[in-house]
Amino acid sequence: MSLTDDRAALDQWYTLGALQDFPAGAEVPSRLLGEDLTVRRLTDDVEVRAAGRALPVRTDYGHLWTSFGTPERDLFELPESREPDRRWIHCGPVRVRASGLRLVENFLDLAHFPYVHTDILGSEAHPEVARYEVEQRRDVDELWATKCEFYQPKAAAASDEGQISKYMYRVVSPFNVMLYKTPPTAPDRWDVIALFVQPADEAVSVAHAFMLVIDLTSTDAELSAFQQMIFVQDKIVLENQRPSLLPLQPGRETPTRADLSSVLYRRWLKEKQLRFGTEPRTDLQSTDLPHA
Amino acid sequence: MPKLYDYVLSGSCYKVRLLLSLLGIAYETQAVDFFPGREHKRPEFLALNPLGQLPVFEDAGLVLRDAQAILCHLANTYDASGQWLPRDVRFGSVMMWLSFAGGELMAISGARMIAMLNYAGDLAALQAKARAALRLLDDHLADRAQAGGLWLVGATPTIADIAMFPYVALSHDAGIGHEDYPAINLWQRQVRKLPGFVGMPGVPDYF
């Protein structure tokens, strides 16, 4: 496989990992959108090259970002990164044999909590997803799901008891997503948990989970272990989902009312004419095809 | 209270968590940031285990490393029935399979770190070693099933079964499915039925 020709995918920012994953002086191989890359960290600068060409680089939010194309916007805003009492937790790259879009969609889903994260993020006695709201914010080109609530036996590393967690979800680009969630110890603020997906190939992704949390008691190891546990519970489900590429063709998968955010996400991907990581469609006339 | 230095995604720590749960032993854990923090290679941890490996288990002044050794200690100390570590003719066979679980089968662990956590190494070579180990195990369990046996050694589960289960069950993470190992699948179902069984992330629930 070689670099995709999908314009919508090329013109985006992608993370290649936390800056701390790239030791100074070392040359680290990576992969993005079907193409091999090399990352070289100099003392202050980071250089990303693919096929002899230097790619643009950003180092916001403790991560290394790059793009093959010309992103329409700069990187998303993350005001919480400027709050001094936040703990920054990098959970490390985890490779998943699934489309990155599947990872994002799974991250947006509340309904699987009782069944995949049993007795942690949900309980089988409380499976109902209450009505929530979704919107496409056209000024920033982001998707938001708000007013989400879910009963959680163990909402976070610091939880001693169950709680009704409030959630907001925010999709800032097709492969980058985050959620805001009630911290057990600071009910008036929001923890931020981000999932930055590096789509290596159409059906192979590297997930970079990153947290900006309010927690005075847990160790870094406990915070990271909690998030890794949750993510690896998802990984086994994601790797067994078929088709492994995200279907955008009507009728291939049937959403329910709980899947409002997924419906909006798929509609948004179609609007962008994104193809990388999606199942090839057979319902379009050749003149309608995004690459035609 | 006994204390386990633990990493949630470690199959070797899971060996210990599983036997602790089956024996109903209360214990505390201390999370070690194995990945991505590599806390097990820092001086404070190396003072506990100079090999820089998980798990480490503290119990009544003892500081033990090596999952297999810890399983022996737990069975020896807490299992009055002697079932988990039989001191009769079965002892040698239990030790033999215990050694295999901590030896040849660990190719799955190596392959899993490369496939899942981006570690450097020769994935194809480790997968081949892992498949050879699973083949040998499946043949043994098929022989046992032919003779009416459900477990690796003798008529009851032993610590050999507990040492073996985690990396067999986690082989998907290493890119190795279970479809070629029918006797292993039968045996995995027996392990899951044990009272007090606990899983871990990555161990499939759909058996």
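Atoms considered below: every heavy atom in the structure, side chains included; atoms not considered: hydrogens, waters and symmetry mates. Here the structure is a predicted model, which means the values were calculated and not measured. Quick note on labels: first sequence line is chain A, next is B, and so on, each numbered from 1.
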Check your understanding: Within a reach of under 6.0 Å around CG of Leu216(A), are more than 12 heavy atoms found that belong to other residues, nucleotides or ligands?
Key -> no
Practice item. Taking the side chain as every heavy atom from C-beta outward, state whether Asp173(B) and Lys235(A) have any atom pair closer than 4.5 Å. Key: yes
Study note, to complete from the structure: In terms of heavy-atom pairs under 4.5 Å with chain A, the winner among Asn118(B), Asp6(B), Leu117(B) is Asn118(B)
Point to revise | Interface moiety of Ile114(B) toward chain A, non-hydrogen atoms closer than 4.5 Å | key: backbone
Review point. Quick one: are Pro36(B) and His208(A) in side-chain contact, heavy atoms under 4.5 Å?
Key: no
Check your understanding: When you look at CD of Gln146(B), are more than 12 heavy atoms from neighbouring residues, nucleotides or ligands closer to it than 6.0 Å?
Key -> no
Review point. Does CZ in Arg38(B) sit with more than 12 non-hydrogen atoms of other residues, nucleotides or ligands closer than 6.0 Å?
Key: no
Practice item. Might you point out which heavy atoms bring Cys91(A) and Phe35(B) nearest each other, and give the distance in Å? Key: O-CE2, 4.0 Å
Exercise for review: Using non-hydrogen atoms and a 4.5 Å limit, figure out which bit of Val206(A) sits close to chain B: side chain, backbone, both or neither.
Suggested key: side chain
Point to revise | Proximity of residues 94-121 of chain A to chain B, residues having a non-hydrogen atom under 4.5 angstrom | key: Val94(A), Arg95(A), Arg97(A)
Exercise for review: Would you check if Asp33(B) and Glu222(A) make a side-chain contact, meaning some heavy-atom pair closer than 4.5 Å?
Suggested key: no
Review point. Taking all atoms of both residues into account, what is the closest heavy-atom pair of Ala221(A) and Ala31(B), and its distance?
Key: CB-O, 3.4 Å
Point to revise | Proximity breakdown for Leu9(B) and chain A, heavy-atom pairs closer than 4.5 Å | key: side chain
Practice item. With side chain to side chain contact (heavy atoms under 4.5 Å, CB included) as the test, would you mind laying out the steps for His172(B) and Asn240(A) before giving the verdict? Key: CA-CA 10 Å; His172(B) 295 276; Asn240(A) 286 291; 5.6 Å; no
Check your understanding: Crowded around Asp85(A) CG? As in, over 12 foreign heavy atoms under 6.0 Å?
Key -> yes
Point to revise | Heavy-atom proximity to chain A below 4.5 Å, by part of Phe34(B) | key: neither
